[in-house]
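Below is one structure, written out as structure tokens; comments come after it.
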Amino acid sequence: MGIRDFLRRNISTFDLSKKTNNTSTLEEEKGYYRPDEYYTDVTFEGSFFEKKVITFEERKRSSNKSKRGLYVGEILLLRYVAYGNYPKPSSGYPGFWWFEYGIRDIGQLLQSLESRGFIEYASGHESLERLKVTELKKILSDHGLPNAGKKADLIDSVKSHIDESELDNLQSRKYRLTGKGRAELLDNAYIPYMHQNRHRTYQEGNLGETFTVWDINKLLRGDVSDWKNVVGNIEERLFGVNSAVDFDESTLIQKERSKRQTKKVDDSKTTEMRLFLQSKESDIKEMSATSGDGFEEESKGIDYRKIGKDKEALFNFYVSIKKGFDAPALYRETCALLRKYNLLQEELEVCELGLMNIPEGNMFRDDLQKRKEKIQCALESD
């Protein structure tokens with residue numbers, strides 16, 4: 001494992017040994033955090049990779065704020081508000097808020113963003129989608145209304161018969177971006193882009209050239225108008241691919257919200273992707289005859305998938321597969337993307353190719369075999 005790969009490991013797996021004293025989270029939100037001992041202020045203590053967690057207040061002193069006065073961590077928080085899950089996300093607040101951005105109290109920072117006009121609570125009616133059926137039925141029964149039917153029917157009944165002002169105290173209400181917040185997020189899209197960039201590093205300064213959001217923040221110095229070229233040129237030089245040029249934050253937010261709201265696949269999208277793959281068969285065959293073992297194409301495919309360019313991702317994945325590249329991750333990524341479009345037959349074929357290309361004895365072959373069997377069952381039941 002190389003240095004970059006080592007530094008890309010999930011922060012939550014680090015050997016954390018020095019406890020932080022910062023436990024000032026809002027009382028009603030404590031259940032959405034991990035135990036206090038999880039939030040340490042030093043990682044890899046005593047080793048070459050020892051790193052002190054830099055708090056949000058410290059970052060404010062060493063980084064550039066946006067034209068509207070927000071810092072990196074605050075702008076990233078706008079991105080998570082845009083998804084419609086904050087505050088009090090069902091799976092809790094991820095550890096990266098502390099280990100990467102030095103933010104211990106998410107709820108307090110959300111309140112600060114609200115007071116400055118970047119976010120606001122969604123209306124009662126907008127919040128109904130996040131209620132469970134049992135909660136919707138209770139609201140209706142509390143108002144002496146019939147409470148039978150499917151969730152969509154229950155929501156319609158609530159909207160039709162209960163004044164929205166009576167729903168303002170729903171526990172499930174989430175924040176949404178104001179116009180000011182949305183403009184701030186879109187203007188500073190380099191921050192969510194770097195947060196999800198698989199090439200980013202988690203360390204600065206002592207291991208050669210690094211690629212972090214803090215590096216980019218210092219380079220831009222508040223002028224974000226040309227961030228795609230700045231970041232893309234660095235990517236091209238270090239990794240041989242410029243993903244920044246195609247990044248569209250507004251589209252990705254909408255896709256993510258849609259994905260979280262429903263898993264149903266539009267048949268037209270399935271057909272469109274199938275026709276695309278069929279139209280590219282000769283190009284894939286031609287590219288698979290070029291030099292290289294498939295690693296470069298796999299890497300590009302993963303980069304494209306990260307920015308929502310599924311067609312380009314699958315094209316590169318297929319070239320890599322046709323070259324016989326044997327990395328299990330290639331087949332997992334390809335299968336997951338094909339499943340997104342309900343392309344079960346194509347997914348089955350990729351599993352079979354993976355079982356041919358991945359060496360015997362590889363621990364991931366069994367996972368691929370199980371996946372193949374599940375797909376076969378799904379196809380037979382159709």
Is the distance between the ring centroids of [Y] and [X] under 6.0 Å?
X      : Y      : answer
Phe315 : Tyr304 : no
Trp97  : Phe56  : no
Tyr190 : His195 : no
Tyr38  : Trp98  : no

- Item | Smallest separation among heavy atoms of Ser291 and Lys323, with atom names |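 In terms of heavy atoms, the two residues are closest at O-NZ, 2.8 Å.
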- Message: Can you give me the closest heavy-atom contact between Arg221 and Asn64, atom names plus distance?
- Response: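 Taking every non-hydrogen atom into account, CA-ND2, 3.4 Å.
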- Side-chain donor-acceptor pair present, Tyr175, Glu120, cut-off under 3.5 Å: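 Side chains of Tyr175 and Glu120: no pair found under 3.5 Å.
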- Approximate separation, where rounding is to 0.5 Å, of Glu236 CD and Phe239 CZ: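 Going from CD on Glu236 over to CZ on Phe239, the span is 11.5 Å.
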- Task: Tell me, please, which residues at least two apart from Asp303 pass side-chain hydrogen bond (donor to acceptor under 3.5 Å, both in side chains).
- Result: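 Scan of Asp303 (side-chain hydrogen bond (donor to acceptor under 3.5 Å, both in side chains), adjacent residues dropped) gives Arg198, His199.
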Any side-chain heavy-atom pair from [X] and [Y] closer than 4.5 angstrom?
X      : Y      : result
Thr212 : Arg200 : no
Thr270 : Leu343 : yes
Asn217 : Tyr71  : no

- Message: What verdict does the ring pair (Phe, Tyr, Trp, His ring centres under 6.0 Å) test give for Tyr80 and Phe96, after you've listed the backbone C-alpha separation in whole Å, the side-chain angles of each residue and the deciding distance to 0.1 Å?
- Response: CA-CA 13 Å; Tyr80 281 79; Phe96 69 71; 5.7 Å; yes
- According to the salt bridge (charged side-chain N to carboxylate O under 4.0 Å, His left out) rule, which pairs have a member within residues 66-75, sequence neighbours left out?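 Listed once each, the pairs are Arg68-Glu184, Arg68-Asp187, Glu74-Arg116.
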- Message: Please evaluate residues Ser243 and Lys309 with respect to the criterion side chain to side chain donor-acceptor pair (under 3.5 Å), reporting the C-alpha separation (whole Å), side-chain torsions for both, the decisive distance (0.1 Å), and the verdict.
- Response: CA-CA 10 Å; Ser243 301; Lys309 298 182 77 67; over 6 Å; no
- Query: If only atom types and distance count, is the side chain of Arg365 paired as donor or acceptor with the main-chain N or O of Ile358 below 3.5 Å?
  - Reply: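 Yes, Arg365 side chain to Ile358 backbone: donor-acceptor pair under 3.5 Å.
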May I have the list of side-chain donor-acceptor pairs in residues 324-337 shorter than 3.5 Å, sequence neighbours left out?
residue : atom : partner : partner atom : Å
Tyr331  : OH   : Phe325  : O            : 2.7
Tyr331  : OH   : Asn357  : ND2          : 2.7
Glu333  : OE1  : Arg305  : NH1          : 2.6
Thr334  : OG1  : Leu330  : O            : 2.7

